[in-house]
Amino acid sequence: MKACLLHSPAPAESSPLEYRDVPTPVPQRDEVLIRVRACGVCRTDLHVVEGQLPPRRAPVIPGHQAVGVVEQLGPHAKRLRAGARVGVPWLHRTCGVCEFCRTGRENLCEAAVFTGYTADGGFAEYLIAPEDFVYPIPDSFSDLDAAPLLCAGIIGFRCLRVSGIKRGAVLGLYGFGAAAHVAIQVARHWGATVFAFTRDPQHQQHARDLGAAWAGSSRETPPEKLAAAIIFAPAGELVPAALKVLKKGGTVVLGGIHMSPIPSLEYSLLYHERVLRSVANNTRQDGEDFLRVAAEIPIRTEVELFPLRDANAALQALKRSTFRGAAVLQPT
Ligand SMILES: [Zn+2]
Ligand SMILES: [Zn+2]
């Protein structure tokens, strides 16, 4: 099969992914072999490729938002049938026995395996995944539209959940890329008012097109204080910026896996029971709940399509934020 291999992390501009033939994997035990029809490109892929996340497997095939069709079942796989259309997310497998797995927090599993980081991912014509960790994709979504739901969508959904946002309240979204363009649709479906904070005028317009009541840069003062904020951009200086415009008792959620250092804070920014917390990974329940809600709304994704062989170009475009919505790779 064709695949994009990362041998060692390097800046995206140096095109570190090698597009080449590799053996098609064979599903073992409870795994299924999936023929990839589309795979979303996430900022976490950029962090893997550039080494902000320490290398854990070399070479590795990145990509953790794969939509495809089950072609072959491992000897113990029995839940899925050949031909089923499924999505493979970041959470590849958990141990099932650690204290976090046993208490409904498998997103924090001590021995979690991650797609496209510690296991080969979807920047390829095929990938394998444990059958219990893939999601059936609702029929209403095309392959391309479904791909960005699998990380940008699911992680954004978990961020919304833990933000505690309520109907009628104001939510701030910092950074307006793949995750925010899905999260805003869920937040508005729940009756929240959304303010979008992003430098890029094109992304500000995208936010307004999707129903943001206000869009501006993080240096501007929004018309109202926020009940909650989600920071998707990996920039630590956004933390004090968001706390400054957050109501008493409000929550700032950090949605990324990596962030530049957070500047020191005056305690008064956090006082009055403001909460600052991160979100790490997702549980399978988050994914199932989100995909149900996504089909109900229904979520409309905006995708920028790249051929699989141009994965480096897709990562470079993501780094420079040159498109609206989410980048998706498609094998030819
Ligand atoms: Zn575990
Ligand atoms: Zn991701």
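Just the heavy atoms: all of them, side chains too, but no hydrogens, waters or symmetry mates, feed the values below. Indexing begins at 1, ligand by ligand and atom by atom, following the structure's order.
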Practice task
Would you confirm whether Asp286, through its side chain, and Arg158, through its main-chain N or O, come within 3.5 Å as a donor-acceptor pair?
Solution key: no
Practice task
State plainly whether the residues Glu302 and Arg324 are in salt-bridge range, i.e. N to O under 4.0 Å.
Solution key: yes
Practice task
Answer yes or no: is there an ion pair linking Lys78 with Glu131, defined by an N-O contact shorter than 4.0 Å?
Solution key: no
Practice task
Please check if any side-chain donor atom of Trp90 sits under 3.5 Å from a side-chain acceptor atom of Asn282, or the reverse.
Solution key: no
Fill in the blank from the handout: OG of Ser268 to NZ of Lys244, rounded to nearest 0.5 Å, is 9.5 Å
Practice task
Verify whether one side chain among Gln202 and Thr322 offers a donor that lies under 3.5 Å from an acceptor in the other.
Solution key: no
Exercise for the section: Go through the side-chain N and O atoms of Gln316 and Asn312 and say whether any donor and acceptor fall under 3.5 Å apart. Expected result: no
Handout entry: In the protein, N/O/S atoms that are found under 2.8 Å from the Zn ion (ligand 2), waters not counted
Key = Cys42 SG, His64 NE2, Cys151 SG
Practice task
Using distance alone, with no hydrogens and no angle criterion, decide if His189 and Glu296 have a side-chain donor and acceptor under 3.5 Å apart.
Solution key: no
Exercise for the section: Decide, yes or no, whether a salt bridge links Asp143 with Arg85 under the criterion of side-chain N to carboxylate O below 4.0 Å. Expected result: yes
Handout entry: Total protein N, O or S atoms, the Zn ion (ligand 1), separation less than 2.8 Å
Key = 4
